[in-house]
Amino acid sequence: MATTASVRPPLLQQGSEKASLLCKPKQRASVRRRSFTARASSNPVSIPKQWYNLVADLPVKPPPPLHPQTHQPLNPSDLSPLFPDELIRQEVTEERFIDIPEEVAEVYKLWRPTPLIRARRLEKLLGTPAKIYYKYEGTSPAGSHKPNTAVPQAWYNAAAGVRSVVTETGAGQWGSALSFASSLFGLTCEVWQVRASYDQKPYRRLMMETWGARVHPSPSTATESGKKILERDPASPGSLGIAISEAVEVAARSADTKYCLGSVLNHVLLHQTVIGEECLEQLAAAGDVPDVVIGCTGGGSNFGGLVFPFMREKLAGRMSPAFKAVEPAACPTLTKGVYAYDFGDTAGLTPLMKMHTLGHGFVPDPIHAGLEFLIDLNNAHFFSSCPNLKFLVANKPKPLFAIAGGLRYHGMAPLISHVYELGFMEAIAIQQTECFDAALKFARTEGIIPAPEPTHAIAAAIREAMECKRTGEKKVILMAMCGHGHFDLASYEKYLRGDMVDLSHSDEKLQEALAAVPKI
């Protein structure tokens, strides 16, 4: 099967080339750039030329999303008001590899390949015979793995003639990544940032503005949905739900504007596989094969990006690592949720996705990282002015859809949920105080202050390493370090002062939320 040829924006034409033939990873052409390969090898490391699609190699294909009214498989064209055709195609394709456009690869060279680092000092502190490696994505301009998908999303929109992209952001990590990517391809970028974060984290906002984005505190007076919120509560601190409402409203009303998002959907996980493809080569250069691969899970892009290429190798019989997803105990989607069709938003108005879910009405207690959000566009005037949204409107106005981010989402990415259901991976939940204790051990040995999300992976890796100390096993442990925590020091302050407490969910609250899962 042939891969998809790259599509180039007219202003960025650099000649054409034939699509590469599908072949094994070690045979594919690659862009070479010298990097710190596990700080143990001077060999150059490849920047992948293709993204990998795990769906192609699964023995059972994942169930399709369903239309919220008809409960029939969603038509890809239904997504066209918000996404360019190529991203929609990537969302539904079963092709094994998708070519990375040359222009995207050139931008990746600004920080890719990212380092794979042997955590020797942490190993020494723990006294473990295990080897601990971490793939560090904090070297990107935005400080996380998010630009891996922000750059191609911006480029495909530019290729489609889109002039402006809009999105929402909470703390600002995704908004920063999209602002950076948009500046490179001549796109106007507007970001609606949750008001509380807009006020409390000015440096993320300044990052976005430095890259040319226009940042609105949400709720704002720039949209009808924002105005209605402010009419009801002039002091509203905002939420990602309100911010999404404002971004979607602008995208739906403008033919030259599209909406971007940073997690959960298949095409986002696809773009993130550059992480795992690089890591395969880096570990080979270091002479090691992982026994266990660990990553935190919220929306799923960081975990899928590292794990999926290794899962391909395991399915082909070339290695046999275990895969462990780590989630917060306060929002145990994989470990406590059910595998069912559920709405992607709390209001229950989105397309139905087959995923592990705690119930779309489940609202976890506040934890250190991530936020939840939902669309709140229940007004007929708005929908009567947005004819492109009518494909999701039956007899009364309904919002388009929402995707929840960070580690507080009530559901898991459908593709990761499907893989978990097939038995190809494990999942554990860890309390946040254990995660921050692990983060301090890591920071005080390896020197990097991790973002709150990957502290879950660090805590799980330390558990594995200490078990190796007990048994004497010399396992190779690989973990995802998806970003630095330079803008999250308030969470560290809370832990260091002894103010952080472990949070959990009540069984009564969980059962109440699960009772609302649609019966399909």
Side-chain angles (χ1 to χ4, degrees), residues 108 111-117 119 122 132-151 169-178 180-181 204 261-264 268-279 282 290 293-310 323-328 331 367-371 405-409 412-413 416 425 427 430 432 435-436 438-439 442-443 446-462 477-488 491-492:
Y108 278 172
W111 74 95
R112 304 214 70 87
T114 56
L116 174 71
I117 301 171
L122 180 61
I132 303 173
Y133 289 94
Y134 60 96
K135 179 67 166 165
Y136 183 48
E137 292 295 301
T139 60
S140 78
S144 75
H145 67 297
K146 292 296 186 180
N148 295 335
T149 185
V151 170
T169 196
Q173 196 173 82
W174 166 242
S176 297
L178 187 63
F180 156 70
R204 278 287 181 190
L261 73 165
S263 194
V264 177
V268 179
L269 275 62
L270 174 82
H271 300 156
Q272 294 291 353
T273 58
V274 293
I275 303 172
E277 294 287 17
E278 284 178 6
C279 199
Q282 290 169 317
V293 184
I294 300 170
C296 66
T297 48
S301 65
N302 157 66
F303 179 81
L306 177 63
V307 164
F308 285 176
F310 285 90
F323 304 108
K324 292 192 176 182
V326 193
E327 57 189 9
C331 192
I367 58 175
H368 56 75
L371 297 167
L407 301 184
R408 294 188 67 212
Y409 188 32
M412 182 54 59
I416 289 178
M425 55 177 277
I430 299 182
Q432 61 182 353
C435 293
F436 272 84
F442 186 87
E446 297 303 310
I448 297 172
I449 299 174
E453 293 90 341
T455 64
H456 294 74
I458 296 170
I462 289 176
I477 301 168
L478 171 63
M479 66 177 179
M481 258 287 291
C482 57
H484 64 66
H486 298 171
F487 295 98
D488 302 288
S491 296
Y492 282 89

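All values reported here derive from a predicted model rather than from experimental measurement.
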Query raised in the report: Is there a donor-acceptor pair under 3.5 Å between the side chain of Gln272 and the backbone N or O of Gly304?
Result: no

Query raised in the report: Which atom names give the shortest non-hydrogen contact between Ala439 and Pro450, and what distance separates them?
Result: CB-CG, 3.9 Å

Report summary line: Tightest non-hydrogen contact, residues Ala413 and Val264, listed as CB-O, 3.4 Å

**Report entry** Side-chain touch Phe303/Val326, heavy atoms, less than 4.5 angstrom
**Finding:** no

Report summary line: Separation between CD1 (Ile448) and CD1 (Ile117), nearest 0.5 Å, reads 5.0 Å

Query raised in the report: Who are the ring pair (Phe, Tyr, Trp, His ring centres under 6.0 Å) partners of Tyr492, not counting sequence neighbours?
Result: Phe436

Report summary line: The reported gap from CE in Met425 to OG1 in Thr297 (rounded to nearest 0.5 angstrom) is 6.5 Å

Requested in this report: Please list, chain by chain and in numerical order, all residues satisfying side-chain hydrogen bond (donor to acceptor under 3.5 Å, both in side chains) with Glu137, sequence neighbours excluded.
Outcome: Arg112, Thr114, Asn148

**Report entry** For Thr149, all residues meeting side-chain hydrogen bond (donor to acceptor under 3.5 Å, both in side chains), sequence neighbours excluded
**Finding:** Gln153, His271

Query raised in the report: Hey, are the side chains of Leu269 and Ile416 touching, using non-hydrogen atoms and a 4.5 Å cut-off?
Result: yes

**Report entry** Spacing of CG belonging to Leu261 relative to OG belonging to Ser301, to within rounding of 0.5 Å
**Finding:** 9.5 Å

Report summary line: Of all heavy-atom pairs linking Ala459 and Ile430, the shortest is CB-CD1, 4.0 Å

Query raised in the report: Taking only residues two or more places apart in sequence or in another chain, which ones pass salt bridge (Lys or Arg N to Asp or Glu O under 4.0 Å) with Lys146?
Result: none

Requested in this report: Check Leu306 against Lys135 and note the closest heavy-atom contact, atom names and distance.
Outcome: CD1-CB, 4.5 Å

**Report entry** Nearest heavy atoms of His456 and Cys435, plus distance in Å
**Finding:** CD2-SG, 3.5 Å

Query raised in the report: Can you name the closest pair of heavy atoms from Leu116 and Cys279 and give their distance?
Result: CD1-SG, 3.7 Å

**Report entry** Residues which pass side chain to side chain contact (heavy atoms under 4.5 Å, CB included) with Ala451, listed by chain and number, not counting sequence neighbours
**Finding:** Glu453, Pro454, Asp488

Query - Which residues share a side-chain hydrogen bond (donor to acceptor under 3.5 Å, both in side chains) with Glu327, sequence neighbours left out - result: Thr335

Query - Ser140: partners by side chain to side chain contact (heavy atoms under 4.5 Å, CB included), with sequence neighbours left out - result: Trp111, Ala142, Pro147

Requested in this report: With side chain to side chain contact (heavy atoms under 4.5 Å, CB included) as the test, would you mind laying out the steps for Ile458 and Met481 before giving the verdict?
Outcome: CA-CA 8 Å; Ile458 296 170; Met481 258 287 291; 3.9 Å; yes

**Report entry** Phe442: ring pair (Phe, Tyr, Trp, His ring centres under 6.0 Å) partners, not counting sequence neighbours
**Finding:** Tyr134

